[in-house]
Asker: 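I have a structure here, written as structure tokens, and I will follow up with some questions on it.
Counting from 1, the numbers follow the sequence of the chain as shown. In what follows, every heavy atom counts, from backbone to side chain, and hydrogens, waters and symmetry copies are set aside. Nothing here was measured: the structure is a model prediction, and the numbers come from that model.
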Amino acid sequence: MSNSDLTLYFQLLADIKERVRHAQQRAILSANAAMILMYWNVGRMIASRQQREGWGAKVIPRLAPDLKNELPEKKGFSPANLKRMVRFWNEYLAFSGIGAPSVRQFAAKETSHAGLPDGQEISAQPVRQMPDWTVNHQDDVLFLQLSWSHNIVLMQKIKDLPTRLWYARQTLEQHFHERELETGLLLGSLS
């Protein structure tokens, strides 16, 4: 092989590796978004039933072991995490691109599994009707791009939604791990 052939070969190898890594990253992000959307829908389903049927707090401790028995290969359905899902739904009832038009096609796939009739919207109120929030197109899917751990830290530590959005954007831009995010929030060093 000549030097020219060798150079072309190594460029091909580098291009293929880059393409594989890019596809792997997209698959990870897609799986994460699907999981976050599923958690949001589980929270919606539980909150809806609690509200409609007047269920008290006892439904979650009963539901958690039943889910574990019915779905033994699945993790993440502890009583504490189910409560977080309900809170996630309540926190982003009217917002989070989870129900916004830009991801409605993605959400429609999950909606059919969530027990809603086809075509029924999963968003309580469109973002554009919320004048006191500073929301842009990237915010439509912001919380789908964060890990569940990041979303939990942001929900627990930041009550004000515009501030939470700012920290969510910073987390994505700076690639903060959840511990870095939590430490930065506690120390006030992320602003």
Asker: Once you round to the nearest 0.5 Å, how far does NZ of Lys83 lie from CD1 of Ile46?
Answerer: 11.0 Å
Asker: Keeping the roles fixed (side chain from His150, backbone from Leu181), state whether a donor-acceptor pair exists under 3.5 Å.
Answerer: no
Asker: How long is the gap from CD1 on Ile60 to CE on Met85, to the nearest 0.5 Å?
Answerer: 9.5 Å
Asker: Which heavy-atom pair separates Ala168 from Leu142 by the least distance, and what is that distance?
Answerer: CB-CD2, 3.5 Å
Asker: Taking all heavy atoms of Ile158 and all of Tyr167, pick out the closest pair and write down the distance.
Answerer: CD1-CD1, 3.2 Å
Asker: Tell me, please, which residues at least two apart from Arg21 pass side-chain contact (heavy atoms from CB on, under 4.5 Å).
Answerer: Lys17, Gln24
Asker: Does anything in residues 152-163 pair up under side chain to side chain donor-acceptor pair (under 3.5 Å), and if so which pairs, sequence neighbours excluded?
Answerer: Asp160-Thr163
Asker: Can you check side-chain contact (heavy atoms from CB on, under 4.5 Å) on Asn32 and Met35, steps first, answer last?
Answerer: CA-CA 5 Å; Asn32 180 70; Met35 184 187 75; 4.2 Å; yes
Asker: Using the rule that Ile, Leu, Val, Met, Phe, Trp and Tyr join whenever any side-chain heavy atoms are under 4.5 Å apart, tell me whether Trp148 and Ile28 fall into a single cluster.
Answerer: no
Asker: Can you see which heavy atom on Tyr92 is nearest to which on Leu161, and at what distance?
Answerer: CE2-CD1, 3.8 Å
Asker: Search all heavy atoms of Asn81 against all heavy atoms of Gly76 and return the closest pair with its distance.
Answerer: ND2-O, 2.7 Å
Asker: Within a strict 4.5 Å, meaning less than it, do heavy atoms of the Phe88 and Ile36 side chains meet?
Answerer: yes
Asker: In Å and rounded to the nearest 0.5 Å, what is the CZ to CG distance from Phe143 to Leu154?
Answerer: 6.5 Å
Asker: Compare every heavy atom of Asn90 with every heavy atom of Ala47, then report the nearest pair and how far apart it is.
Answerer: CB-OD1, 4.4 Å
Asker: Counting only heavy atoms not in Arg52 (residues, nucleotides, ligands), do more than 12 fall under 6.0 Å from its CZ?
Answerer: yes
Asker: Is the CD atom of Glu70 crowded by more than 12 outside heavy atoms at less than 6.0 Å?
Answerer: no
Asker: If we only count heavy atoms from C-beta on, is the Glu91 to Arg164 side-chain gap below 4.5 Å?
Answerer: yes
Asker: Same hydrophobic cluster for Leu29 and Trp40, using side-chain heavy-atom links shorter than 4.5 Å among ILVMFWY?
Answerer: no
Asker: Check whether any side-chain heavy atom of Phe10 lies under 4.5 Å from a side-chain heavy atom of Leu6, and answer yes or no.
Answerer: yes
Asker: Given the rule that I, L, V, M, F, W and Y join up when any side-chain heavy atoms are under 4.5 Å apart, are Val42 and Leu71 in one cluster?
Answerer: yes
Asker: Check which hydrophobic residues are tied to Val20 through side-chain heavy-atom contacts below 4.5 Å, counting indirect links as well, and list them.
Answerer: Leu12, Ile16
Asker: In Å, rounded to the nearest 0.5 Å, how long is the span from OG of Ser78 to CZ of Arg84?
Answerer: 6.0 Å
Asker: With rounding to the nearest 0.5 Å, note down the distance linking CZ in Arg169 to CG in Leu146.
Answerer: 11.0 Å
Asker: Output, in order, the C-alpha distance, side-chain angles, deciding distance and verdict of side-chain contact (heavy atoms from CB on, under 4.5 Å) for Gln50 and Val59.
Answerer: CA-CA 8 Å; Gln50 285 176 326; Val59 70; 3.4 Å; yes
Asker: Minimum heavy-atom separation for Leu144 and Leu37, please, with both atom names.
Answerer: CD2-N, 3.9 Å
Asker: Enter the distance from Leu172:CG to Gln145:CD here, rounded to the nearest 0.5 Å.
Answerer: 5.0 Å
